2 protein chains.
Amino acid sequence: VDATNPFAAATAVRPLDGARFATTVADGWDIAGNANGGYLIALALRAVLAATGRPDVVTATAHYLAPGKPGPAEVAVDVLRTGRRFATASARLESGGRPVLALLATVGEVPAPQAAEPPLLLSGGPPDLPSPERCIARSRGFVEGGFADQVEIRLHPDDAGFVEGKPSRRAEMRGWFRLREDEPMDTVALALACDSLPPAVFGAELPVGWVPTVELTCHVRAQPAPGWLACRFATRFATGGTLEEDGEIWDSTGRLVAQSRQLALAPRG
Amino acid sequence: VDATNPFAAATAVRPLDGARFATTVADGWDIAGNANGGYLIALALRAVLAATGRPDVVTATAHYLAPGKPGPAEVAVDVLRTGRRFATASARLESGGRPVLALLATVGEVPAPQAAEPPLLLSGGPPDLPSPERCIARSRGFVEGGFADQVEIRLHPDDAGFVEGKPSRRAEMRGWFRLREDEPMDTVALALACDSLPPAVFGAELPVGWVPTVELTCHVRAQPAPGWLACRFATRFATGGTLEEDGEIWDSTGRLVAQSRQLALAPRG
């Protein structure tokens with residue numbers, strides 16, 4: 001992690017002792033005042049990787065406890081298991097005197113971009129996307145400023161119509177993702193990417209304004225190769241007051257690098 | 001919870017103080033000596049529901065730290081947030097002096113079976129299953145005894161051929177689930193159901209023997225109505241040393257009651 005890069009700098013952690021890390025919820029990673037959920041996961045994951053000495057996220061689940069506001073923060077890490085291949089830890093991000101996010105993560109080492117491993121099973125491939133130049137710049141904070149300035153998103157033109165009140169009528173959001181200044185992406189950046197596009201349900205004509213995340217899980221399959229990530233998010237079921245959003249992230253070599261699922265609040269039908 | 005019922009009795013917890021609960025990894029819930037993963041989640045969830053005073057699981061994620069062996073166990077619960085609608089807690093199940101499972105759960109109240117709430121979005125429905133009488137009795141512990149005697153599973157005949165070395169060539173497993181003696185099912189039983197059918201990947205012709213679960217997440221949408229649950233599990237990607245298994249569980253009224261996803265180990269390709 002080269003801390004001169006913007007995402008690395010905005011997610012840097014400093015050990016206070018073996019189990020506590022000082023960090024900062026950086027200014028400018030918010031959507032309407034609240035820090036992006038993927039960014040908050042990244043803060044907690046940096047502390048887990050530091051505490052365990054492992055390079056990569058394998059699977060991470062966050063539950064959101066309170067909105068994250070810019071300012072000093074602390075991550076408390078509890079290493080639960082240290083195995084040969086994986087380590088598992090829980091972590092809690094606190095800011096402003098209250099818990100903001102709880103994390104449970106298993107970390108280790110995932111295949112590098114150059115590792116030639118043919119998939120055992122592959123049902124599906126990257127989303128069909130026009131080139132980034134022919135896509136539309138809109139991030140999860142699709143209003144300008146804040147989070148929208150921190151990452152580079154290019155939405156499929158067919159999925160971006162919701163911004164002008166012309167939703168696609170499909171609960172699907174496809175687009176390209178990369179860090180700005182083309183900062184190299186590690187597996188922590190994949191967790192950020194899982195929560196960076198506008199909610200897929202914005203494509204459907206539902207009476208939803210915002211969709212607060214209750215839980216987000218990210219599974220990492222490989223370190224991403226350099227370049228744009230091709231992402232697809234979709235929601236199939238909005239029932240009983242909640243909805244899921246499933247994501248797939250493919251790297252520039254066409255390899256699946258992450259899957260995500262989140263549970264978010266939806267109005268009860 | 002009526003503790004005279006077998007599943008309720010096998011998952012009973014007794015408070016030691018506000019944060020610790022005594023329980024038992026019951027005999028007979030094992031697959032080849034190790035307790036079923038969904039059963040272990042159920043133990044931890046009972047403690048979380050007791051500690052928070054909430055009736056239902058909303059979302060729960062477990063990371064598996066060590067095999068669960070029959071014997072006395074303890075669940076330590078840390079309530080992280082108590083809100084009006086939801087409470088969030090982490091929990092750790094320990095047995096034989098070592099941590100077996102780490103859990104992160106948000107609990108609250110989900111719609112009851114009789115609650116009439118039309119879905120806002122519904123892309124898909126229950127799996128197409130012959131009647132339970134025309135299906136095949138096989139549980140996740142598809143060898144006889146142990147876990148296979150604790151739950152009632154009826155697999156779709158098209159998906160059960162793997163037992164005789166004739167896999168369907170699809171990484172899909174569909175079947176019915178209920179507790180034995182038709183014990184009423186609550187949302188904790190849904191977490192059990194998420195891990196009760198044979199692994200979907202057994203339907204595909206892959207060089208996989210067993211598929212140890214790293215992480216399992218269950219999202220609950222509603223309390224199940226009485227009767228059989230219709231379940232579908234599928235794996236799309238076995239890459240980079242892991243595979244996901246996605247599940248949907250529908251109740252006897254045709255309502256989606258839970259979704260699940262787990263990350264399990266697969267041989268590297």
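Numbers restart at 1 for each chain; the letters A, B, ... are given by sequence-line order, proteins then strands. Quick caveat: nothing in here was measured; it's all calculated off a predicted structure.
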Rounded to the nearest 0.5 Å, how far apart are CD of A:Q259 and CG of B:L263?
-> 8.5 Å
Got a sec, which pairs hit ring-ring contact (aromatic ring centres under 6.0 Å, His included) with one end in residues 238-258 of chain A, sequence neighbours left out?
-> A:W250-B:F237
Passes side-chain contact (heavy atoms from CB on, under 4.5 Å), A:F86 versus B:L265? Steps please.
-> CA-CA 11 Å; A:F86 297 137; B:L265 296 184; 3.5 Å; yes
To the nearest 0.5 angstrom, please state how far the CG atom of B:L103 sits from the OG atom of A:S90.
-> 11.0 Å
B:L120 versus A:L206, closest heavy-atom pair with distance = O-CD2, 3.3 Å
Rounded to the nearest 0.5 Å, what's the gap from CZ on B:R261 to OG on A:S260? Could you check?
-> 7.0 Å
Does a side-chain heavy-atom distance below 4.5 Å link B:T217 with A:T61?
-> yes
Taking the side chain as every heavy atom from C-beta outward, state whether B:R98 and A:R81 have any pair of such atoms under 4.5 Å apart.
-> no
Please examine the side chains of B:R92 and A:D78, heavy atoms only from C-beta on, and report whether any two atoms are closer than 4.5 Å.
-> yes
Minimum heavy-atom distance A:L104-B:A102, with the two atoms named | CD2-O, 3.6 Å
So which part of A:V58 gets closer than 4.5 Å to some heavy atom of chain B, the side chain, the backbone, both or neither?
-> both
Picking from A:P99, A:A222, A:A105, A:A62, which has the most non-hydrogen pairs under 4.5 angstrom with chain B?
-> A:A105
Find out whether B:L121 and A:R236 are in side-chain contact, i.e. whether some heavy atom of one side chain is under 4.5 Å from a heavy atom of the other.
-> no
Heavy-atom distance under 4.5 Å to chain B: side chain of A:A234, backbone, both or neither?
-> neither
Heavy-atom side-chain contact between B:Y64 and A:T106 under 4.5 Å = no
Name the one of A:Q262, A:E244, A:E215 that satisfies side chain to side chain donor-acceptor pair (under 3.5 Å) with B:H219?
-> A:E215
